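Report on the following structure.
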Amino acid sequence: METRYLQFNDAHLRCAADLIRRGELVAFPTETVYGLGCDATDEQAVKRTYLAKGRPSDNPLIVHVWSKGQIPEIARDVSPDAQKIIDCIMPASITVVLPKRKIIPDCVTAGLNTVAVRMPRSQQARDFLRYCDVPVAAPSANTSSRPSPTTWQAVKEDMDGRIAAVLCGSPCDVGIESTVVDMCGEQPLILRPGIVTADMLEELLGKKVRVVTDPKEKVNSPGVRYKHYAPKVPMALELEGDEQKLKNLYLKLQAEGKNPVLLVENPQNFPGFNVYCIGQTDREVSRNLFSNLRALEKNYGYIIASFSSKTAFAQSILNRLVRSASHNVV
Ligand code: TXA
Ligand code: MG
C-alpha cells in the first residue's frame with residue numbers, strides 16, 4: 001500500500017477523515033505522541049490497527065474525541081469524580097477509563113467492559129477528530145515495543161507502506177503518552193503515569209489517588225505488561241548522575257567494541273566522549289526522549305542514559321526510561 005503524507009489544510013483534513021470513515025488507518029499528531037487512528041465503531045478497521053502495529057490483541061486501545069458531547073455516546077455511568085476531570089481538566093494529556101457502551105466493539109477494549117477516553121489538548125489533533133466526527137481508536141503510531149513516535153518522520157520509519165495516510169503535523173510537545181486513570185472504582189487509580197500527575201488529580205478531587213507502581217500487580221491495563229519503548233540497540237540507565245560510573249561503563253563498552261554513546265544531563269562534563277544532552281528540564285527530557293532514542297540507535301551500538309530528576313513528573317519519564325532500558329539500571 002502506498003502511504004499518503006497529508007498536510008493540515010482543509011482539503012487534506014477532508015481526505016484524512018474520508019479515509020477514516022472508509023475504514024482505513026491514518027496517523028495523526030497529538031500533544032503527547034502520534035496516534036494511529038481508525039473509526040472506533042468499525043471492527044474490521046480496529047483489527048487492521050492491531051495488525052499494522054503487530055500489537056497483541058489483549059492490549060486495548062484509547063478512544064479519542066474532539067468534543068465532550070461525544071463522551072456519553074461511548075461511556076456510561078460517569079461518576080461525579082470522572083465528570084470533574086472531564087469538566088475541569090480536559091482537553092489535556094489524560095485518558096479516563098470508564099464503563100463502556102455497546103457502540104464500542106469488544107476488539108477496541110480487548111474484551112474489557114470499560115473504555116479509555118481521551119480528548120487531546122493538541123489543536124491539530126482535535127481538528128482532525130472534528131473532521132472525522134466518529135470516535136477514533138488510536139494507539140501510539142509505532143510498531144509494537146518500539147519507542148513511541150513524536151514526529152511524522154518517526155511514524156514514517158515504522159508505518160510507511162502499512163497505513164493509508166500520515167497527517168504531517170508538529171512535533172509532539174509533551175513527548176510521552178497520556179496519564180491513564182481508571183475512574184470505575186471508588187478510588188481513582190493511575191494505570192500509566194504521565195504529565196497529569198497524581199498530585200494534580202488529588203488536588204482537583206480532594207481524595208487520595210492510587211498509582212500502580214509494581215508492574216506485577218494485577219491491573220486492568222494490559223499495556224503496562226509488555227516490552228515497551230525499546231530502541232534497536234541495548235541500553236543502560238543510571239539514576240544518580242554519577243559521572244565517574246558513567247565514564248567507567250562507557251570505557252568498558254568501548255573496549256569491548258560496543259560503540260557506546262552517553263545521553264546525559266551535563267554533556268560538557270564528558271569531553272572526548274560520544275555524548276548528547278538528555279535535556280535541561282523535565283519537559284525537555286520528555287519532549288525529546290523517544291526521538292533521542294530513535295536518533296541514537298541509528299549511529300551507536302549501546303545507549304547509556306542518565307537521569308536524576310526526582311520531581312513528580314520525573315517519575316513518569318522514569319517509567320518510560322526504565323522500560324526502554326529493559327530494566328537494565330546500573
Ligand atoms: O497519549 C496517548 O495516550 C497516546 C495518544 C496517541 O493519544 N496513545 C497511546 O495509546 O499511548 P497506546 O495504545 O500506546 O496506549 C494505551 C494504553 C495502554 O497501556 C492500554 O493498556 C491502556 O491505555 N488502555 C486502553 N484501554 C484501556 C481500558 N479499557 N482499561 C485500562 N487500560 C486501558
Ligand atoms: Mg503505545
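Just follow the structure's listing: the first ligand is 1, and inside any ligand the first atom is 1. None of these values were measured; they are calculated from a predicted model.
Using a 4.0 Å cut-off between charged side-chain N and carboxylate O, R14 and D10 make a salt bridge. Taking a cutoff of 4.0 Å between a charged side-chain nitrogen and a carboxylate oxygen, R22 and E24 do not qualify as a salt bridge. Here E256 pairs with K252 in a salt bridge; the nearest charged N to carboxylate O distance falls below 4.0 Å.
The backbone and the side chain of T114 each have at least one atom closer than 4.0 Å to an atom of ligand 1 (non-hydrogen atoms only). Neither the backbone nor the side chain of K100 comes within 4.0 Å of ligand 1, counting heavy atoms alone. Within the 4.0 Å heavy-atom criterion, the part of L61 lying near ligand 1 is the backbone and not the side chain.
In this structure the side chain of Q124 never reaches within 4.5 angstrom of the side chain of E31, judged on heavy atoms. Contact annotation: the side chain of W66 never approaches that of V136 to less than 4.5 Å [non-hydrogen atoms, C-beta and beyond]. Residues K207 and Q187 have side chains not in contact (no heavy-atom distance under 4.5 Å, counting atoms from C-beta outward). In this structure, the side chains of R283 and D173 come closer than 4.5 Å at one or more pairs of heavy atoms.
Every atom of ligand 1 is numbered from 1 in the order shown, and the set under 4.0 Å from a heavy atom of L112 is 28 (C), 29 (N), 30 (N). Set against the non-hydrogen atoms of G35, the atoms of ligand 1 under 4.0 Å away are 6 (C). Every atom of ligand 1 is numbered from 1 in the order shown, and the set under 4.0 Å from a heavy atom of S178 is 1 (O), 2 (C), 3 (O). Close contacts of ligand 1 with H64, meaning ligand atoms under 4.0 Å from a residue heavy atom, involve 5 (C), 6 (C), 7 (O). Distances below 4.0 Å separate heavy atoms of P139 from the following atoms of ligand 1: 10 (O), 12 (P), 13 (O).
Here the straight-line distance linking atom CZ of R146 with atom OG of S140 works out to 11.5 Å at 0.5 Å rounding. To the nearest 0.5 Å, atom OH of residue Y131 and atom CZ of residue R21 are 11.0 Å apart.
Using a 4.0 Å cutoff on heavy atoms, V97 counts as a contact of ligand 1. The shell of residues lying under 4.0 angstrom from ligand 1, judged by heavy atoms, includes R55.
When T30, I62, V33 are checked for heavy-atom proximity to atom 16 (C) of ligand 1, I62 turns out nearest.
Remark: ligand 1 and E177 share no N or O pair separated by less than 3.5 Å (distance only, no angle test). Considering backbone and side-chain N/O atoms, T109 never comes within less than 3.5 Å of an N/O atom of ligand 1. Looking at ligand 1, you'll find an N or O of S140 within less than 3.5 Å of one of its N or O atoms.
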Derivation and outcome, salt bridge (charged side-chain N to carboxylate O under 4.0 Å, His left out), residues R294 and D158: CA-CA 11 Å; R294 282 177 179 265; D158 284 17; 3.0 Å; yes
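S140 lies close to the Mg ion (ligand 2), since one of its N, O or S atoms is found at a distance under 2.8 Å.
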